[in-house]
Amino acid sequence: MDEQTRLMHSHTGVGMAGHPGLPQHMQEGTGGTDGDGRKQDIGDILQQIMTITDQSLDEAQARKHALNCHRMKPALFNVLCEIKEKTVLSIRGTQEDEPPDPQLMRLDNMLLAEGVSGPEKGGGSAAAAAAAAASGGAGPDNSAEHSDYRTKLTQIRQIYHTELEKYEQACNEFTTHVMNLLREQSRTRPISPKEIERMVNIIHRKFSSIQMQLKQSTCEAVMILRSRFLDARRKRRNFNKQATEILNEYFYSHLSNPYPSEEAKEELAKKCAITVAQVSNWFGNKRIRYKKNIGKFQEEANMYAARTAVNAANASSHGSQANSPSTPNSAGGYPSPCYQSDRRIQ
DNA sequence: ATCCATGATTTATA
DNA sequence: TATAAATCATGGAT
């Protein structure tokens, strides 16, 4: 804002500060009898112009009107034009084309990618898809989180859009205000359309920098939201009971060699509705934690051993051998040296 | 508020 | 490259 004001003042300054030469100029030119009166007259007007900022609006308006109606006004205007011609050179050189700010582009791209600045619902689903991808395709129990995420994202998007609209409106209002002001002033002092355009550009730049701040904070909010909801590590979810049982069952029934093959991992992943990587993680954690404190897991081990034993018994009593759990082990085979030859497909 | 369980990540190792 | 081991960070119980 201050840039505009400054510039406007400097314009005013150019117009006004150039004046002091004027009376002299006039004085020289007019040697006649009514010259003194005219000089006095113009001196008054100039004095009024110089002090116009100290006056109330109505007063100023009246003075302006008086000035515009004054018979010397065209001459004054011409002089202002001349003065400006001599002093305005510096403005011309400034560049007009503004290269797109890379940071702004980055923010725009991100907002678009997150579905904040894009179309209303399409962006949301894209973000949801990204969410699903980011969360490692973990099971069905996070759909609630996704909807939660979506509502939060929608909130952000709404805030973003209302703010953006507000800025847009404010920018337009301010621009038209300034343009009106300049047009009004152009009756009294020379203002080229190009200067108005420049001013409009300055305003727009200022407002777009405000918009950039909005975009930046929106991006931040989205990032926080993402990390809160979608970073799998932060949003650790225990596997459901069934999955844990399946994994434990496998672990304790293969205690002597709890290293599921790739195929077995895939099978387990499918059964537990988790990824193969999660199966690997689980076995990695389980092995090391079991080894570190066998005592703590003794009860669990016994339980699963008993369960598999029952399963085996049931299976054999039903005469079906095809599905029986393969070579269940008694607890304690891992990590102590294992002499059983329980070789699975590796 | 604190502690423990647990899934994920990182680093080291063979 | 798979695994071991250490570590992180959260969920959930207390």
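First the proteins, then the strands, lettered A, B, ... as listed; each starts at 1.
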Asks: Does C/dA6 have OP1 or OP2 under 4.0 Å away from a side-chain N or O of A/Lys292?
Replies: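 Yes.
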Asks: Can you tell me how far P of C/dA2 sits from CD of A/Glu266, to the nearest Å?
Replies: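 After rounding, the reported distance stands at 12 Å.
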Asks: Transitive ILVMFWY cluster of A/Leu104 at side-chain heavy atoms under 4.5 Å: who else is in it?
Replies: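 Direct or chained contacts put A/Leu104 with A/Leu107, A/Met212.
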Asks: Does a side-chain N or O from A/Arg237 land closer than 4.0 Å to OP1 or OP2 of C/dG12, or not?
Replies: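 So the side-chain polar atoms of A/Arg237 do come within 4.0 Å of the phosphate oxygens OP1 or OP2 of C/dG12, strictly under.
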Asks: The criterion is side-chain hydrogen bond (donor to acceptor under 3.5 Å, both in side chains); which residues satisfy it with A/His70, sequence neighbours excluded?
Replies: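 Testing A/His70 for side-chain hydrogen bond (donor to acceptor under 3.5 Å, both in side chains), a comparison that skips the adjacent residues, returns A/Asp41.
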Asks: Salt bridge check, A/Lys286 against A/Glu300: does any charged N sit closer than 4.0 Å to a carboxylate O?
Replies: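 Between A/Lys286 and A/Glu300 there is a salt bridge, with a charged N closer than 4.0 Å to a carboxylate O.
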Asks: Out of C/dT3, C/dG12, B/dG7, which nucleotide sits closest to the side chain of A/Arg287?
Replies: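 Looking only at heavy atoms from C-beta outward on A/Arg287, the closest nucleotide is C/dT3.
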Asks: In whole angstrom, what separates A/Lys286's NZ from B/dA5's P?
Replies: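 Taking atom P of B/dA5 as the reference, NZ of A/Lys286 is at 11 Å.
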Asks: From C/dG12, C/dA4, B/dA8, pick the nucleotide closest to the side chain of A/Phe239?
Replies: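 For A/Phe239, the side-chain atoms sit closest to B/dA8.
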Asks: For the pair A/Tyr252 and A/Tyr304, name the ring-plane relationship: parallel under 30°, tilted 30 to 60°, perpendicular over 60°.
Replies: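 Judged by the thresholds at 30° and 60°, the geometry between A/Tyr252 and A/Tyr304 is parallel.
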Asks: For the side chain of A/Tyr259, starting at C-beta, report the closest nucleotide among C/dG11, B/dG7, C/dT3.
Replies: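 The answer is C/dT3.
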Asks: Quick one: A/Trp282 CH2 to B/dT9 C1', roughly how many Å, whole number?
Replies: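 Checked: the CH2 to C1' distance equals 19 Å.
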Asks: Just to be sure I understand the rule, does A/Phe283 reach a base, reach only the sugar-phosphate, or reach nothing, if contact means heavy atoms closer than 4.0 Å?
Replies: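 Nothing: the residue A/Phe283, judged by heavy atoms under 4.0 Å, touches no strand.
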Asks: Do A/Glu163 and A/Lys166 sit within salt-bridge range, that is, some charged N less than 4.0 Å from a carboxylate O?
Replies: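 Salt bridge between A/Glu163 and A/Lys166, a charged N being under 4.0 Å from a carboxylate O: yes.
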Asks: Please give, in whole Å, the distance from B/dA5 P to A/Glu300 CD?
Replies: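 About 11 Å, once rounded to whole Å.
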Asks: Check the angle between the aromatic planes of A/Tyr290 and A/Phe297 and answer parallel, tilted or perpendicular using the 30° and 60° thresholds.
Replies: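 Ring orientation of A/Tyr290 relative to A/Phe297: tilted.
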Asks: Which range-with-range stems can be found for DNA chain C when each stem has 3 or more Watson-Crick or G-U pairs in a row and both distances sit under 3.5 Å?
Replies: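 Counting only runs of 3 or more consecutive pairs, the stems involving DNA chain C are B:1-14 with C:1-14.
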Asks: Just say parallel, tilted or perpendicular for the rings of A/Phe174 and A/His177, cut-offs at 30° and 60°.
Replies: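 Tilted.
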Asks: Check the distance between C/dG11's C1' and A/Lys241's NZ and give it to me in whole angstrom.
Replies: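 Going from NZ in A/Lys241 over to C1' in C/dG11 covers 17 Å.
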Asks: Under 3.5 Å, is there an N or O donor on one side and an acceptor on the other linking the side chain of A/Asn285 and the base of B/dA8?
Replies: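 In this structure, the two groups form a donor-acceptor pair.
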Asks: Can you identify which nucleotide, out of B/dG7, B/dA8, B/dA5, has its nearest atom closest to the A/Gln278 side chain?
Replies: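 Nearest nucleotide to the side chain: B/dA8.
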Asks: Find the distance A/Ile274:CD1 to B/dA8:P and express it as a whole number of Å.
Replies: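 So the CD1-P distance, A/Ile274 to B/dA8, works out to 8 Å.
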Asks: Closest to the A/Asn281 side chain: B/dT9, C/dA4, B/dA5?
Replies: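 The closest nucleotide is B/dT9.
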Asks: Round to a whole Å and report the spacing from CD1 of A/Ile288 to C1' of B/dA8.
Replies: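 Those two atoms, CD1 and C1', are 15 Å apart.
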Asks: Figure out the CZ/C1' separation between A/Arg289 and C/dC8, and round it to whole Å.
Replies: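 So the CZ-C1' distance, A/Arg289 to C/dC8, works out to 11 Å.
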